[in-house]
Every structure is written in C-alpha cells, then in structure tokens.
Amino acid sequence: MPEGPELHLASLFVNKVCEGVVFTGPVTKSAVSKNCDVSFICEAYRIQASSRGKEVKLTLTPIKSDVKEGSTEQTMDIVFRFGMSGYFRFTSEDELPKHAHLRFFSNEKPCRVLSFVDTRRFGSWQPNGSWQRGRGPCVMFEYESFRKKVLSNLSNRAFERPICEALLNQNYFNGIGNYLRAEILFRLSIPPFVQARTVLESLELEDLAADTTPEKEELDDQKTSDRESKRTSQPADLLRLCHTVPLEVVNMGGKGYDPQKADYSDFQAWLRCYYVAGMKSTRDHNGRTMWFSGDSGPMVPKECKSTKAKKRVKKEDNDAAMVAEIVPKVKTEKCVKQEARNGKTGLRKRKVKQEGEVTRTCDNTRCLRSNKTSEAR
DNA sequence: CGTCCACGTCTAC
DNA sequence: TAGACCTGGACGG
C-alpha cells in the first residue's frame, strides 16, 4: 500500500466504510503485535480518518448521548504509519484478514470489524498520537508550506545528498517513497544522483505553474524534451511534481500500489519508470533500488570506494564473495552483499554496465511475469 | 528446498 | 551507515 497516495486512499476508504457506522467496546490488538495497546473503551463511538504525508490519523469520537459508566468519554486520535505493508480493511468478524493487528468492532449484528492489516509488521500506531515531529508538510495537501519549507532550507545538509535520496527524507518530502521518486525524476529527466541543492536552488518560492491545469502539464511534459521552451510556458518544476504526481495516483481512484489487488493493472500501466521494462536500476547509498533512465548523475554510488577498511565479512557472505571473485577486502558489508547478489543473480538476468558499476537494465522477464500474474487475477 | 526482493522507518555502533 | 525488524511471492536448482 504505502506511499503518500496509498495512505490518503486508505483514509478515504475508512471514511467511506465507516460512514454512519457505530463502533463499540474495546479496541483489540493481535497477540503478536509489539505496538501499544489502545485503551479506548466506549459503548458508542464513530471513526473518522485523515492523512498527512505518510501517516493516517483515526479519530475515535464518543457519541455523547450514549456515554456510560466506564467509557473513556474523550475523543482519541490514533496515528498510523504503514511500514511496507499496512492497510485498512472492513470485514465481517469471521472474515478477519490474516495479520489484522488492530481491530475496531461495530455494534451491528453480526458485527463488522475495521482492522489495520500489516503483513510485515513494520507499521506502527500511536494512541493519543499526533503527526510525527520531524515529518514535514504533506506534499499533496499542504503544498505551499511543503514548497516553502524545502526552498527556505536548502542550506541544510540534507540537500547535499543526491536528489533521489533527499526525496525520501520525510522531514522535507512527507509522502514521497520509492516509486514516486522514480516517477517524479523520470518525468523531468533529472539524473537521480545529482546533488539535491543543485537541482533545487534555481526554483522560485512562488510556484509559477500553480495555475496550470493538469492536462496542460501533461501535454507540456510530453512534448517538451528540450528544457528551453519550458521557461515561457511555466512548466511544472520538481517540487510541483512532488505534489501533482502523487495526486495522479489518488485521482486514479484505485488502490494505488497494491500488487495483491485486481485493479493493480491500472496502477501498473500508470508507472512509466519504476519497475518498468527497459529502465535502469541501481542501489542508492541506503541500499534502496533507484529506477531511472539515461544518465545516473555524478553522485551515483561508485564501485564501493569504501573510505575505511571495514570489519570482516560474515562467513556466508564471504563465501558468496569468493564465488563472485571481485570483492576486495576493504569494502563495506553492504557493498559485499550487493556485489555478491550481482554475482549470483544480477549478472545472469540483467546487464551489468562495465566492471563494478552496478547499474542494471530490466530485461523484461520479471516485469512481464508480474504483468501476467496480475492480469490473471 | 533456498535465495532474492519488496511501497519504510528505527536505532545502535 | 549497517543492520534490525518481518512475511511472503517469484524464481532457480
């Protein structure tokens, strides 16, 4: 599910299914979850949701006339982060999904359950929570303050990173994730490993394209491969695309990134770069896969020029490294693992550019296969 | 069977 | 800036 658009779609989903529904009793947690208990007990309450960047807030509101002994009586906000696999579902009690880790019960007979489902359990919730400190304005719904915050903090060291890595910094780009950074940079043909400050320092605080309709942007985007003609037509710049590209996903009306769902094919067709056949991919400095086309930019992680001699490689990895035959002892463990992977699988299925350069080109096999699977559903 | 990979944070050296 | 935190699907042998 989970980048900004999916979180927002989740909040829309909750508001839709919970409209007019009265919830009751305790909020229960799965035995296996390490997150907080939610000590909210109320005979009758409603649930509303809102989103900001990569967080969703549920507001539990007691229905006044029904307040009884033992009820909490107070409104409670619970703030969720979705990790890699979180989402909400609304089902009957006996159809509770596997990995439903937090559950809210309706007062209907038979009752229905709003549940927070999270297969990998990287997600979290905070009872009586508020939007996390250190996360900036939402790229979708607080666009002006998002833009202002970025452009008035360009001297910050965060912007010394490559632009593709800065885009994952939720202090400035709350809502952007791995597929969005690829799609956004691809639309503007910005090499992912150019220093963020370099890319952003020429942008104006005021968004001159703010009046441009999405349709117009779309046309501009298609026909203007030369940057010069963009000036007069005031095209969308990088920060604006951080706003409009996620909104495209929201407005598609599907579920966004969710390979398990039948309507995933719409989302898949929308993707122009991320996991698309023929695109290149490489690991960024944090080990995340960056999808792009064309030039990678100067700050691309090189052939693991490690600055300091590192700890010995773990035995398993060492074996793999020996097989690959290309790993000097000074490399970091992450590099070793990565190259070991290239040696074992990457080199076979994907083209590796030059010696040591870890840029790969998607050769279609995996992409086409996943196409087939999703169509088959 | 085993290995790799995935939409993201966190936190401990 | 490495892991750690998790489950499960795709793929290879």
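Just so it is clear: chains get the letters A, B, ... in the order the sequence lines come, proteins before strands, and each one is counted from 1.
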**Study point:** Phosphate-side-chain proximity, A/Q132 and B/dC10, N/O vs OP1/OP2 below 4.0 Å
**Key:** yes

Exercise for review: Could you check whether A/E183 gets within reach of a base, just the sugar-phosphate, or nothing at all, counting any heavy atom under 4.0 Å?
Suggested key: nothing

Exercise for review: May I ask you to decide whether A/R187 forms a salt bridge with A/E248, counting only side-chain N to carboxylate O separations under 4.0 Å?
Suggested key: yes

Check your understanding: Between A/K149 (side chain) and A/N171 (backbone), is there a donor-acceptor pair under 3.5 Å?
Key -> yes

**Study point:** side-chain N/O A/H285 vs C/dA2 OP1/OP2, d < 4.0 Å
**Key:** no

Point to revise | B/dA6 OP1/OP2 closer than 4.0 Å to side-chain N/O of A/T289 | key: yes

Check your understanding: Contact class for A/R181 vs. all strands (heavy atom < 4.0 Å): base, sugar-phosphate, or nothing?
Key -> nothing

Review point. Would you write out the dot-bracket form of DNA chain B, 5' to 3', with Watson-Crick and G-U pairs under 3.5 Å, [ ] for crossing pairs, | for pairs to other strands and . for unpaired bases?
Key: ||||||.|||||.

Study note, to complete from the structure: Closest of B/dC7, B/dC10, B/dA6 to the A/E3 side chain is B/dC7

Check your understanding: Less than 6.0 Å separating the ring centroids of A/F13 and A/Y87?
Key -> no

Review point. Side chains of A/D37 and A/S39: donor-acceptor distance under 3.5 Å anywhere?
Key: no

Exercise for review: Answer yes or no: does a side-chain N or O of A/R288 lie under 4.0 Å from OP1 or OP2 of B/dC7?
Suggested key: yes

Practice item. Give the ring-plane orientation class for A/F82 versus A/F80, where under 30° counts as parallel, over 60° as perpendicular and anything between as tilted. Key: perpendicular

**Study point:** Nearest-nucleotide pick for A/F122, side chain only, options being B/dC5, C/dC5, C/dG8
**Key:** C/dC5

Taking distance alone, no hydrogens or angles, what donor-acceptor pairs closer than 3.5 Å link side-chain atoms of residues 110-119 of chain A to residues at least two apart or in another chain?
{"residue": "A/R112", "atom": "NE", "partner": "A/E108", "partner atom": "OE1", "Å": "3.0"}
{"residue": "A/R112", "atom": "NE", "partner": "A/E108", "partner atom": "OE2", "Å": "3.4"}
{"residue": "A/R112", "atom": "NH2", "partner": "A/E108", "partner atom": "OE2", "Å": "2.7"}
{"residue": "A/D118", "atom": "OD1", "partner": "A/S85", "partner atom": "OG", "Å": "2.6"}
{"residue": "A/D118", "atom": "OD1", "partner": "A/R121", "partner atom": "N", "Å": "3.3"}
{"residue": "A/D118", "atom": "OD2", "partner": "A/F122", "partner atom": "N", "Å": "3.4"}
{"residue": "A/D118", "atom": "OD2", "partner": "A/G123", "partner atom": "N", "Å": "2.7"}

**Study point:** Heavy-atom closest contact (A/W291 atom, A/A182 atom, distance)
**Key:** O-CB, 3.5 Å

Review point. Should A/Q170 be listed as having a side-chain N or O under 4.0 Å from OP1 or OP2 of B/dT9?
Key: yes

Point to revise | Parallel, tilted or perpendicular: ring planes of A/H285 versus A/F193, cut at 30 and 60 degrees | key: perpendicular

Review point. Hey, do the aromatic rings of A/Y257 and A/Y275 have their centres closer than 6.0 Å?
Key: no

Check your understanding: According to a strict under-4.0 Å criterion, is A/K98 in side-chain N/O contact with OP1 or OP2 of C/dG8?
Key -> yes

Review point. Between C/dG8, B/dG8, B/dA6, which nucleotide gets closest to the side-chain atoms of A/N178?
Key: B/dG8

Check your understanding: Considering only B/dC7, C/dT7, B/dA6, which nucleotide approaches the side chain of A/R121 most closely?
Key -> C/dT7

Review point. Which of these nucleotides, B/dA6, B/dC10, C/dG8, is closest to any side-chain atom of A/S124?
Key: B/dC10

Between the protein and nucleotides 11-13 of chain B, are there any N/O to N/O pairs under 3.5 Å, and if so, what are the atom names and distances?
none

